[in-house]
Amino acid sequence: MEVTDIKEKLSDTSEGGEINVLLIGIYPDTSEEKQCDVSLAELKQLAETSIGEGSARSKFFSITQCRKAPDSATFIGQGKAEEAAKLCFDNDISLAVMDAEMSPSQIRNLEDILNKYYDASSEKHVRVIDRTMLILDIFAKHAVTGEGKLQVEIAQLRYTSPRLTGKGLQLSRQGGTSGSIGARGPGETKLETDKRHLQRRIQSLRSELEELEKERLVKRGKRQKSGIPTAAIAGYTNAGKSTLLNYLTNAGILAENKLFATLDPTVRSLTLPSGREILLSDTVGFINKLPHGLIEAFKSTLDEVRFADIILVIIDASDPEAERKTAVTEEILNDLSASGKPTVYVFNKSDMIDVIPPADVAEAKDAVYISAKTGEGVEKLLEKLDRILADSKIKAKFVFPFDNQSAVSYLYKNTSVESVEYTESGVEVVALVTAKETGMFSDYLAEDI
(Lines give C-alpha, C1' and ligand atoms only; values in the text may rest on other atoms or scores of the structure.)
Protein backbone atom coordinates (compact mmCIF):
# COMPACT_ATOMS: atom_id res chain seq x y z
CA MET A 1 0.00 0.00 0.00
CA GLU A 2 1.45 3.35 -1.06
CA VAL A 3 1.47 6.33 1.27
CA THR A 4 -0.75 8.19 -1.20
CA ASP A 5 -3.20 5.27 -1.15
CA ILE A 6 -3.96 5.79 2.54
CA LYS A 7 -4.39 9.55 2.14
CA GLU A 8 -6.63 8.96 -0.86
CA LYS A 9 -8.78 6.48 1.04
CA LEU A 10 -9.29 9.00 3.81
CA SER A 11 -9.91 11.96 1.50
CA ASP A 12 -13.60 11.17 1.15
CA THR A 13 -14.02 11.55 4.90
CA SER A 14 -12.16 14.87 4.99
CA GLU A 15 -14.32 17.11 2.85
CA GLY A 16 -17.41 17.34 5.07
CA GLY A 17 -19.58 16.18 2.16
CA GLU A 18 -22.41 13.67 2.09
CA ILE A 19 -21.13 10.10 1.95
CA ASN A 20 -22.78 6.72 2.46
CA VAL A 21 -20.80 4.37 4.69
CA LEU A 22 -20.79 0.62 5.27
CA LEU A 23 -19.65 -0.52 8.73
CA ILE A 24 -18.34 -4.09 8.94
CA GLY A 25 -17.64 -6.20 12.01
CA ILE A 26 -17.08 -9.81 12.99
CA TYR A 27 -17.54 -11.62 16.30
CA PRO A 28 -16.16 -15.06 17.31
CA ASP A 29 -19.35 -16.57 18.79
CA THR A 30 -22.99 -15.69 19.38
CA SER A 31 -22.30 -14.53 22.93
CA GLU A 32 -20.27 -11.64 21.47
CA GLU A 33 -22.93 -10.45 19.02
CA LYS A 34 -24.26 -7.66 21.26
CA GLN A 35 -20.74 -6.42 21.96
CA CYS A 36 -20.09 -6.34 18.22
CA ASP A 37 -23.17 -4.16 17.72
CA VAL A 38 -21.96 -1.80 20.46
CA SER A 39 -18.53 -1.57 18.82
CA LEU A 40 -20.12 -0.79 15.44
CA ALA A 41 -22.18 1.98 17.06
CA GLU A 42 -18.93 3.50 18.29
CA LEU A 43 -17.39 3.04 14.84
CA LYS A 44 -20.34 4.99 13.43
CA GLN A 45 -19.55 7.85 15.84
CA LEU A 46 -15.94 7.79 14.67
CA ALA A 47 -17.04 7.93 11.04
CA GLU A 48 -19.41 10.81 11.77
CA THR A 49 -16.59 12.71 13.47
CA SER A 50 -14.32 12.15 10.48
CA ILE A 51 -16.94 13.15 7.91
CA GLY A 52 -17.82 16.31 9.82
CA GLU A 53 -20.74 18.48 8.80
CA GLY A 54 -21.83 16.12 6.04
CA SER A 55 -22.48 13.29 8.52
CA ALA A 56 -26.03 14.53 9.15
CA ARG A 57 -26.87 13.89 5.48
CA SER A 58 -24.90 10.66 5.22
CA LYS A 59 -26.42 7.21 5.47
CA PHE A 60 -24.88 4.36 7.44
CA PHE A 61 -25.30 0.64 6.82
CA SER A 62 -23.80 -2.31 8.67
CA ILE A 63 -22.91 -5.94 8.09
CA THR A 64 -21.72 -8.37 10.75
CA GLN A 65 -20.54 -11.95 10.60
CA CYS A 66 -20.03 -14.63 13.22
CA ARG A 67 -16.77 -16.46 12.53
CA LYS A 68 -14.00 -17.74 14.79
CA ALA A 69 -11.20 -15.95 12.96
CA PRO A 70 -10.93 -13.34 10.18
CA ASP A 71 -10.59 -14.64 6.63
CA SER A 72 -6.93 -14.41 5.61
CA ALA A 73 -7.84 -12.96 2.21
CA THR A 74 -10.79 -10.62 2.80
CA PHE A 75 -11.23 -10.55 6.61
CA ILE A 76 -14.94 -11.38 6.26
CA GLY A 77 -15.92 -14.54 4.38
CA GLN A 78 -16.26 -14.59 0.60
CA GLY A 79 -20.03 -15.00 0.76
CA LYS A 80 -20.44 -12.09 3.18
CA ALA A 81 -18.12 -9.99 0.99
CA GLU A 82 -20.39 -10.69 -2.00
CA GLU A 83 -23.40 -9.63 0.09
CA ALA A 84 -21.58 -6.43 1.04
CA ALA A 85 -20.76 -5.71 -2.62
CA LYS A 86 -24.45 -5.90 -3.57
CA LEU A 87 -25.36 -3.66 -0.61
CA CYS A 88 -22.76 -1.08 -1.68
CA PHE A 89 -23.98 -1.05 -5.28
CA ASP A 90 -27.68 -0.78 -4.35
CA ASN A 91 -27.16 2.04 -1.84
CA ASP A 92 -24.45 4.11 -3.52
CA ILE A 93 -21.97 3.39 -0.70
CA SER A 94 -18.53 4.86 -1.30
CA LEU A 95 -16.72 4.00 1.93
CA ALA A 96 -16.48 0.71 3.85
CA VAL A 97 -14.93 0.70 7.33
CA MET A 98 -13.80 -2.50 9.03
CA ASP A 99 -14.06 -2.47 12.84
CA ALA A 100 -10.58 -3.98 13.21
CA GLU A 101 -7.08 -3.58 11.82
CA MET A 102 -6.61 -5.18 8.41
CA SER A 103 -3.56 -6.18 6.41
CA PRO A 104 -2.85 -4.40 3.10
CA SER A 105 -3.76 -7.52 1.12
CA GLN A 106 -7.08 -7.90 2.97
CA ILE A 107 -7.96 -4.26 2.22
CA ARG A 108 -7.03 -4.67 -1.43
CA ASN A 109 -8.88 -7.98 -1.88
CA LEU A 110 -12.05 -6.77 -0.13
CA GLU A 111 -11.99 -3.56 -2.13
CA ASP A 112 -11.83 -5.56 -5.38
CA ILE A 113 -14.92 -7.56 -4.39
CA LEU A 114 -16.91 -4.53 -3.22
CA ASN A 115 -16.34 -2.87 -6.59
CA LYS A 116 -17.26 -5.88 -8.73
CA TYR A 117 -20.60 -4.37 -9.83
CA TYR A 118 -19.05 -1.09 -10.98
CA ASP A 119 -17.67 -0.64 -14.45
CA ALA A 120 -13.93 0.03 -14.52
CA SER A 121 -14.57 3.37 -16.20
CA SER A 122 -17.12 4.45 -13.59
CA GLU A 123 -16.27 7.39 -11.35
CA LYS A 124 -17.99 5.61 -8.49
CA HIS A 125 -15.74 3.53 -6.31
CA VAL A 126 -15.95 1.87 -2.88
CA ARG A 127 -12.92 2.56 -0.71
CA VAL A 128 -12.00 0.29 2.20
CA ILE A 129 -10.29 1.49 5.37
CA ASP A 130 -9.91 -0.04 8.81
CA ARG A 131 -10.58 1.31 12.30
CA THR A 132 -6.97 2.39 12.82
CA MET A 133 -6.91 4.45 9.63
CA LEU A 134 -10.15 6.14 10.66
CA ILE A 135 -8.84 7.07 14.12
CA LEU A 136 -5.58 8.35 12.63
CA ASP A 137 -7.58 10.56 10.27
CA ILE A 138 -9.55 12.06 13.18
CA PHE A 139 -6.37 12.71 15.15
CA ALA A 140 -4.81 14.41 12.12
CA LYS A 141 -7.81 16.74 11.85
CA HIS A 142 -7.91 17.67 15.51
CA ALA A 143 -4.21 18.18 16.23
CA VAL A 144 -3.65 21.89 16.79
CA THR A 145 -0.25 22.43 18.38
CA GLY A 146 3.07 21.65 16.75
CA GLU A 147 3.63 18.79 19.18
CA GLY A 148 0.22 17.27 18.46
CA LYS A 149 0.78 17.42 14.70
CA LEU A 150 4.19 15.78 15.01
CA GLN A 151 2.78 13.00 17.19
CA VAL A 152 -0.01 12.26 14.72
CA GLU A 153 2.27 12.24 11.67
CA ILE A 154 4.68 9.86 13.40
CA ALA A 155 1.79 7.50 14.18
CA GLN A 156 0.57 7.71 10.58
CA LEU A 157 4.01 6.95 9.16
CA ARG A 158 4.55 4.07 11.56
CA TYR A 159 1.25 2.62 10.40
CA THR A 160 2.08 3.20 6.72
CA SER A 161 5.69 1.99 6.63
CA PRO A 162 5.14 -1.79 6.95
CA ARG A 163 2.24 -1.52 4.50
CA LEU A 164 4.25 -0.26 1.54
CA THR A 165 4.04 -2.63 -1.43
CA GLY A 166 5.24 -2.40 -5.00
CA LYS A 167 2.71 -2.95 -7.76
CA GLY A 168 2.48 -2.79 -11.51
CA LEU A 169 5.04 -3.49 -14.24
CA GLN A 170 6.97 -0.35 -13.45
CA LEU A 171 7.76 -1.76 -9.99
CA SER A 172 8.58 -5.30 -11.14
CA ARG A 173 11.67 -7.05 -9.83
CA GLN A 174 14.49 -8.30 -12.02
CA GLY A 175 17.56 -10.44 -11.59
CA GLY A 176 16.29 -13.09 -9.21
CA THR A 177 17.38 -13.29 -5.57
CA SER A 178 21.14 -13.72 -5.86
CA GLY A 179 21.83 -10.29 -4.38
CA SER A 180 24.59 -9.61 -6.93
CA ILE A 181 25.47 -6.03 -7.80
CA GLY A 182 23.08 -4.78 -10.45
CA ALA A 183 20.74 -7.74 -9.96
CA ARG A 184 17.99 -5.82 -8.23
CA GLY A 185 15.37 -4.31 -10.51
CA PRO A 186 13.75 -0.89 -10.41
CA GLY A 187 10.71 -2.14 -8.50
CA GLU A 188 12.68 -3.27 -5.51
CA THR A 189 14.80 -0.14 -5.67
CA LYS A 190 11.75 2.14 -5.62
CA LEU A 191 10.13 0.18 -2.80
CA GLU A 192 13.28 0.32 -0.70
CA THR A 193 13.67 4.00 -1.52
CA ASP A 194 10.11 4.68 -0.34
CA LYS A 195 10.73 2.80 2.90
CA ARG A 196 14.03 4.59 3.51
CA HIS A 197 12.30 7.92 2.86
CA LEU A 198 9.63 7.08 5.43
CA GLN A 199 12.22 6.00 7.99
CA ARG A 200 14.19 9.21 7.46
CA ARG A 201 11.02 11.24 7.84
CA ILE A 202 10.11 9.38 11.05
CA GLN A 203 13.61 10.02 12.43
CA SER A 204 13.37 13.70 11.53
CA LEU A 205 9.98 14.02 13.22
CA ARG A 206 11.23 12.13 16.27
CA SER A 207 14.13 14.59 16.59
CA GLU A 208 11.72 17.53 16.46
CA LEU A 209 9.42 15.85 18.96
CA GLU A 210 12.30 15.08 21.31
CA GLU A 211 13.11 18.80 21.47
CA LEU A 212 9.51 19.55 22.41
CA GLU A 213 9.56 16.69 24.91
CA LYS A 214 12.61 18.27 26.56
CA GLU A 215 10.60 21.46 27.02
CA ARG A 216 7.75 19.43 28.49
CA LEU A 217 10.17 17.68 30.87
CA VAL A 218 11.56 21.04 32.01
CA LYS A 219 8.05 22.36 32.66
CA ARG A 220 7.09 19.15 34.48
CA GLY A 221 10.28 19.36 36.55
CA LYS A 222 9.46 22.93 37.55
CA ARG A 223 5.96 21.88 38.58
CA GLN A 224 7.34 19.03 40.68
CA LYS A 225 9.90 21.30 42.35
CA SER A 226 7.17 23.81 43.10
CA GLY A 227 5.57 21.19 45.32
CA ILE A 228 2.12 21.91 43.91
CA PRO A 229 0.19 18.62 43.64
CA THR A 230 -1.18 17.61 40.25
CA ALA A 231 -4.37 15.85 39.18
CA ALA A 232 -4.77 14.38 35.70
CA ILE A 233 -8.20 14.23 34.09
CA ALA A 234 -8.43 10.96 32.17
CA GLY A 235 -11.25 8.96 30.65
CA TYR A 236 -13.05 7.76 27.57
CA THR A 237 -13.33 10.21 24.73
CA ASN A 238 -16.37 12.50 24.83
CA ALA A 239 -16.97 11.94 28.56
CA GLY A 240 -16.60 15.66 29.31
CA LYS A 241 -12.95 16.07 30.36
CA SER A 242 -12.44 19.40 28.60
CA THR A 243 -15.83 20.69 29.76
CA LEU A 244 -14.85 19.98 33.38
CA LEU A 245 -11.46 21.69 33.00
CA ASN A 246 -13.15 24.71 31.43
CA TYR A 247 -15.71 24.91 34.24
CA LEU A 248 -13.11 24.68 37.00
CA THR A 249 -10.37 26.89 35.54
CA ASN A 250 -11.84 28.86 32.62
CA ALA A 251 -9.25 27.16 30.44
CA GLY A 252 -11.09 28.16 27.26
CA ILE A 253 -10.27 24.93 25.39
CA LEU A 254 -12.50 23.39 22.75
CA ALA A 255 -15.25 21.21 24.23
CA GLU A 256 -17.62 19.61 21.70
CA ASN A 257 -19.92 16.63 21.66
CA LYS A 258 -17.53 14.76 19.39
CA LEU A 259 -14.99 11.98 19.75
CA PHE A 260 -11.43 13.27 20.22
CA ALA A 261 -12.50 16.94 20.04
CA THR A 262 -9.26 17.89 21.82
CA LEU A 263 -5.89 16.16 21.65
CA ASP A 264 -3.40 18.62 23.05
CA PRO A 265 -2.87 18.59 26.84
CA THR A 266 -3.70 21.65 28.89
CA VAL A 267 -2.46 22.36 32.44
CA ARG A 268 -4.27 24.91 34.60
CA SER A 269 -4.09 25.98 38.25
CA LEU A 270 -7.05 25.50 40.60
CA THR A 271 -7.55 26.70 44.18
CA LEU A 272 -9.35 24.17 46.37
CA PRO A 273 -11.81 25.11 49.18
CA SER A 274 -8.98 24.74 51.73
CA GLY A 275 -7.00 27.39 49.88
CA ARG A 276 -4.46 24.87 48.63
CA GLU A 277 -3.43 25.11 45.00
CA ILE A 278 -3.54 22.12 42.65
CA LEU A 279 -2.66 21.75 38.96
CA LEU A 280 -5.21 20.09 36.67
CA SER A 281 -4.15 18.55 33.36
CA ASP A 282 -6.44 17.43 30.56
CA THR A 283 -5.34 14.44 28.47
CA VAL A 284 -6.23 12.84 25.17
CA GLY A 285 -9.39 10.74 25.36
CA PHE A 286 -9.22 6.95 25.44
CA ILE A 287 -11.17 4.58 23.22
CA ASN A 288 -11.50 0.84 22.76
CA LYS A 289 -8.92 -0.58 20.33
CA LEU A 290 -6.86 2.61 20.54
CA PRO A 291 -4.04 2.04 18.01
CA HIS A 292 -0.78 1.13 19.72
CA GLY A 293 1.08 3.55 17.44
CA LEU A 294 -0.94 6.43 18.85
CA ILE A 295 -0.15 5.43 22.42
CA GLU A 296 3.55 5.37 21.50
CA ALA A 297 3.39 8.68 19.63
CA PHE A 298 1.48 10.42 22.43
CA LYS A 299 3.64 8.91 25.19
CA SER A 300 5.05 12.22 26.38
CA THR A 301 1.55 13.68 26.51
CA LEU A 302 0.11 10.67 28.32
CA ASP A 303 2.98 10.83 30.81
CA GLU A 304 1.03 13.67 32.42
CA VAL A 305 -1.21 10.90 33.76
CA ARG A 306 1.71 8.76 34.91
CA PHE A 307 3.34 11.57 36.89
CA ALA A 308 0.14 12.96 38.41
CA ASP A 309 -0.52 12.66 42.14
CA ILE A 310 -4.26 12.07 41.66
CA ILE A 311 -6.23 10.73 38.70
CA LEU A 312 -9.76 11.85 37.96
CA VAL A 313 -11.43 9.20 35.81
CA ILE A 314 -14.26 10.96 34.01
CA ILE A 315 -17.24 8.78 33.09
CA ASP A 316 -20.36 9.68 31.15
CA ALA A 317 -23.07 8.79 33.67
CA SER A 318 -25.75 8.87 30.95
CA ASP A 319 -23.92 6.32 28.77
CA PRO A 320 -25.37 2.78 28.96
CA GLU A 321 -21.87 1.53 28.12
CA ALA A 322 -20.27 3.42 31.02
CA GLU A 323 -19.08 0.28 32.81
CA ARG A 324 -17.36 -1.13 29.72
CA LYS A 325 -15.74 2.20 28.88
CA THR A 326 -14.50 2.56 32.46
CA ALA A 327 -12.88 -0.86 32.15
CA VAL A 328 -11.15 0.27 28.92
CA THR A 329 -9.90 3.40 30.69
CA GLU A 330 -8.53 1.38 33.60
CA GLU A 331 -6.80 -1.01 31.21
CA ILE A 332 -5.07 1.85 29.37
CA LEU A 333 -4.06 3.49 32.67
CA ASN A 334 -2.54 0.17 33.70
CA ASP A 335 -0.64 -0.03 30.39
CA LEU A 336 0.70 3.47 31.08
CA SER A 337 1.87 2.37 34.57
CA ALA A 338 -0.50 4.95 36.02
CA SER A 339 -2.70 2.64 38.08
CA GLY A 340 -2.49 2.42 41.87
CA LYS A 341 -2.63 6.18 42.41
CA PRO A 342 -5.37 7.89 44.43
CA THR A 343 -8.27 7.82 41.97
CA VAL A 344 -11.62 9.59 41.95
CA TYR A 345 -14.35 8.27 39.64
CA VAL A 346 -16.20 11.33 38.41
CA PHE A 347 -19.58 10.49 36.88
CA ASN A 348 -20.23 13.47 34.64
CA LYS A 349 -23.46 14.50 32.86
CA SER A 350 -25.53 13.63 35.96
CA ASP A 351 -28.05 16.22 34.75
CA MET A 352 -28.95 13.74 32.01
CA ILE A 353 -29.87 10.81 34.27
CA ASP A 354 -33.08 10.28 36.25
CA VAL A 355 -31.69 8.96 39.54
CA ILE A 356 -28.37 9.80 41.19
CA PRO A 357 -27.19 7.15 43.71
CA PRO A 358 -27.27 8.20 47.39
CA ALA A 359 -24.17 9.99 48.68
CA ASP A 360 -23.09 7.07 50.87
CA VAL A 361 -23.20 4.68 47.90
CA ALA A 362 -21.12 7.02 45.74
CA GLU A 363 -18.66 7.58 48.60
CA ALA A 364 -18.18 3.84 49.03
CA LYS A 365 -17.16 3.61 45.39
CA ASP A 366 -14.83 6.65 45.57
CA ALA A 367 -17.23 8.27 43.13
CA VAL A 368 -18.69 11.72 42.71
CA TYR A 369 -21.68 12.57 40.54
CA ILE A 370 -21.40 15.96 38.82
CA SER A 371 -22.48 17.98 35.83
CA ALA A 372 -19.58 19.91 34.34
CA LYS A 373 -22.16 21.78 32.29
CA THR A 374 -24.28 23.08 35.18
CA GLY A 375 -21.76 22.83 38.04
CA GLU A 376 -23.92 20.44 40.05
CA GLY A 377 -21.81 18.34 42.43
CA VAL A 378 -18.53 20.09 41.58
CA GLU A 379 -18.11 21.37 45.15
CA LYS A 380 -18.23 17.78 46.41
CA LEU A 381 -15.51 16.89 43.92
CA LEU A 382 -13.27 19.70 45.14
CA GLU A 383 -13.86 18.72 48.79
CA LYS A 384 -12.91 15.15 47.92
CA LEU A 385 -9.66 16.34 46.35
CA ASP A 386 -8.93 18.31 49.52
CA ARG A 387 -9.48 15.20 51.65
CA ILE A 388 -7.24 13.06 49.47
CA LEU A 389 -4.42 15.58 49.73
CA ALA A 390 -4.90 15.84 53.49
CA ASP A 391 -4.96 12.05 53.96
CA SER A 392 -1.80 11.61 51.91
CA LYS A 393 0.29 13.74 54.30
CA ILE A 394 2.89 12.34 56.66
CA LYS A 395 4.73 13.93 59.58
CA ALA A 396 8.36 14.68 58.74
CA LYS A 397 11.25 16.62 60.28
CA PHE A 398 13.67 18.68 58.21
CA VAL A 399 16.87 20.41 59.24
CA PHE A 400 17.60 23.41 57.01
CA PRO A 401 20.73 25.57 56.97
CA PHE A 402 20.15 29.07 58.32
CA ASP A 403 20.62 30.53 54.82
CA ASN A 404 17.77 28.43 53.37
CA GLN A 405 14.85 30.37 54.79
CA SER A 406 12.99 30.05 51.48
CA ALA A 407 12.41 26.35 52.19
CA VAL A 408 11.01 27.17 55.63
CA SER A 409 8.75 29.81 54.08
CA TYR A 410 7.57 27.29 51.48
CA LEU A 411 6.57 24.79 54.19
CA TYR A 412 4.74 27.51 56.10
CA LYS A 413 2.80 28.43 52.98
CA ASN A 414 2.00 24.99 51.59
CA THR A 415 1.95 22.56 54.52
CA SER A 416 0.81 22.28 58.12
CA VAL A 417 3.88 23.26 60.18
CA GLU A 418 3.73 21.83 63.71
CA SER A 419 6.94 23.26 65.13
CA VAL A 420 10.05 25.28 64.27
CA GLU A 421 13.20 25.19 66.41
CA TYR A 422 16.46 27.03 65.84
CA THR A 423 19.39 24.83 66.84
CA GLU A 424 23.15 24.90 66.39
CA SER A 425 22.90 22.63 63.35
CA GLY A 426 20.14 24.63 61.63
CA VAL A 427 16.41 25.23 61.57
CA GLU A 428 14.44 22.13 62.57
CA VAL A 429 10.94 22.08 61.06
CA VAL A 430 8.31 19.43 61.80
CA ALA A 431 5.40 19.51 59.34
CA LEU A 432 2.67 17.40 57.74
CA VAL A 433 3.85 17.01 54.15
CA THR A 434 3.06 15.04 51.02
CA ALA A 435 5.40 12.57 49.33
CA LYS A 436 6.21 15.25 46.78
CA GLU A 437 7.42 17.69 49.45
CA THR A 438 9.39 14.93 51.10
CA GLY A 439 11.13 14.38 47.77
CA MET A 440 11.71 18.10 47.23
CA PHE A 441 13.57 18.47 50.53
CA SER A 442 14.99 14.94 50.81
CA ASP A 443 18.52 16.35 51.35
CA TYR A 444 17.31 17.98 54.58
CA LEU A 445 15.16 15.13 55.89
CA ALA A 446 16.02 14.04 59.45
CA GLU A 447 15.99 10.36 60.31
CA ASP A 448 14.36 10.76 63.69
CA ILE A 449 11.07 12.47 64.49
Side-chain angles (χ1 to χ4, degrees), residues 216-234 245 248-249 267-281 303-313 337-346 359-360 362-368 377-449:
R216 182 177 292 281
L217 284 173
V218 170
K219 292 179 180 178
R220 184 182 296 134
K222 288 181 179 178
R223 291 200 298 268
Q224 289 176 329
K225 287 182 179 179
S226 72
I228 302 174
T230 58
I233 304 175
L245 187 65
L248 293 174
T249 67
V267 180
R268 291 290 185 271
S269 175
L270 172 68
T271 301
L272 296 174
S274 65
R276 177 145 194 173
E277 185 182 7
I278 189 170
L279 295 176
L280 286 181
S281 62
D303 273 349
E304 296 295 336
V305 178
R306 190 158 64 92
F307 288 103
D309 299 297
I310 303 171
I311 297 178
L312 304 181
V313 174
S337 301
S339 58
K341 297 176 180 288
T343 302
V344 180
Y345 290 87
V346 184
D360 57 339
E363 190 68 28
K365 295 182 178 180
D366 276 331
V368 179
V378 169
E379 282 301 318
K380 292 181 180 178
L381 170 60
L382 298 181
E383 290 169 3
K384 194 170 187 66
L385 290 175
D386 253 336
R387 287 200 302 274
I388 290 175
L389 292 177
D391 292 343
S392 65
K393 292 179 180 179
I394 60 171
K395 184 182 289 189
K397 182 167 78 172
F398 303 92
V399 180
F400 297 106
F402 291 111
D403 60 357
N404 194 359
Q405 291 299 309
S406 61
V408 179
S409 298
Y410 175 88
L411 292 178
Y412 264 120
K413 182 179 178 180
N414 296 279
T415 71
S416 299
V417 176
E418 292 193 353
S419 66
V420 175
E421 184 177 351
Y422 289 84
T423 67
E424 292 182 359
S425 56
V427 184
E428 292 185 359
V429 181
V430 176
L432 291 174
V433 297
T434 64
K436 178 176 288 188
E437 289 147 354
T438 303
M440 285 175 59
F441 303 117
S442 59
D443 292 342
Y444 310 107
L445 195 61
E447 294 184 2
D448 64 310
I449 188 169

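Heavy atoms only: backbone and side chains are in, while hydrogens, waters and symmetry mates are out. What you see is a predicted model, and the numbers here were worked out from it, not measured in a lab.
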Residues passing the side-chain contact (heavy atoms from CB on, under 4.5 Å) test with Phe402, sequence neighbours excluded, are Tyr422, Val427
Any residue meeting side chain to side chain donor-acceptor pair (under 3.5 Å) with [X], in chain and number order, not counting sequence neighbours:
X	result
Ser269	Glu277
Ser274	Asp386
Glu421	none
Ser406	Asn404

Has the side chain of Lys384 got a donor or acceptor atom that lies under 3.5 Å from a matching backbone atom of Ala367?
no
Least distance between heavy atoms, [X] atom then [Y] atom:
X	Y	value
Leu382	Pro273	CB-CD, 3.7 Å
Ile388	Pro342	CG2-CB, 3.8 Å
Arg306	Ser337	CG-O, 3.8 Å
Pro229	Ile278	O-CG1, 3.3 Å
Gly377	Val368	O-CG1, 3.9 Å
Ala232	Val305	CB-CA, 3.8 Å

From the list Leu245, Leu279, Thr249, side-chain contact (heavy atoms from CB on, under 4.5 Å) with Val267 holds only for Leu279
Just to verify, which of Thr343, Val344, Val346 counts as forming a side-chain contact (heavy atoms from CB on, under 4.5 Å) with Val313?
Thr343
Could you tell me the separation between the [atom1] atom of [X] and the [atom2] atom of [Y], rounded to the nearest 0.5 Å?
X	Y	atom1	atom2	answer
Thr423	Glu428	OG1	CD	4.5 Å
Lys395	Ser419	NZ	OG	8.0 Å
Leu411	Leu432	CG	CG	11.0 Å
Leu445	Thr438	CG	OG1	6.5 Å

Mind checking ring pair (Phe, Tyr, Trp, His ring centres under 6.0 Å) for Phe400 and listing every partner two or more places apart, or none if nothing turns up?
Phe398, Phe441, Tyr444
A side-chain contact here means heavy atoms from C-beta on lying under 4.5 Å apart; do Thr230 and Asp309 qualify?
yes
Quick one: do Leu389 and Leu272 satisfy side-chain contact (heavy atoms from CB on, under 4.5 Å)? Show the steps, please.
CA-CA 10 Å; Leu389 292 177; Leu272 296 174; 3.7 Å; yes
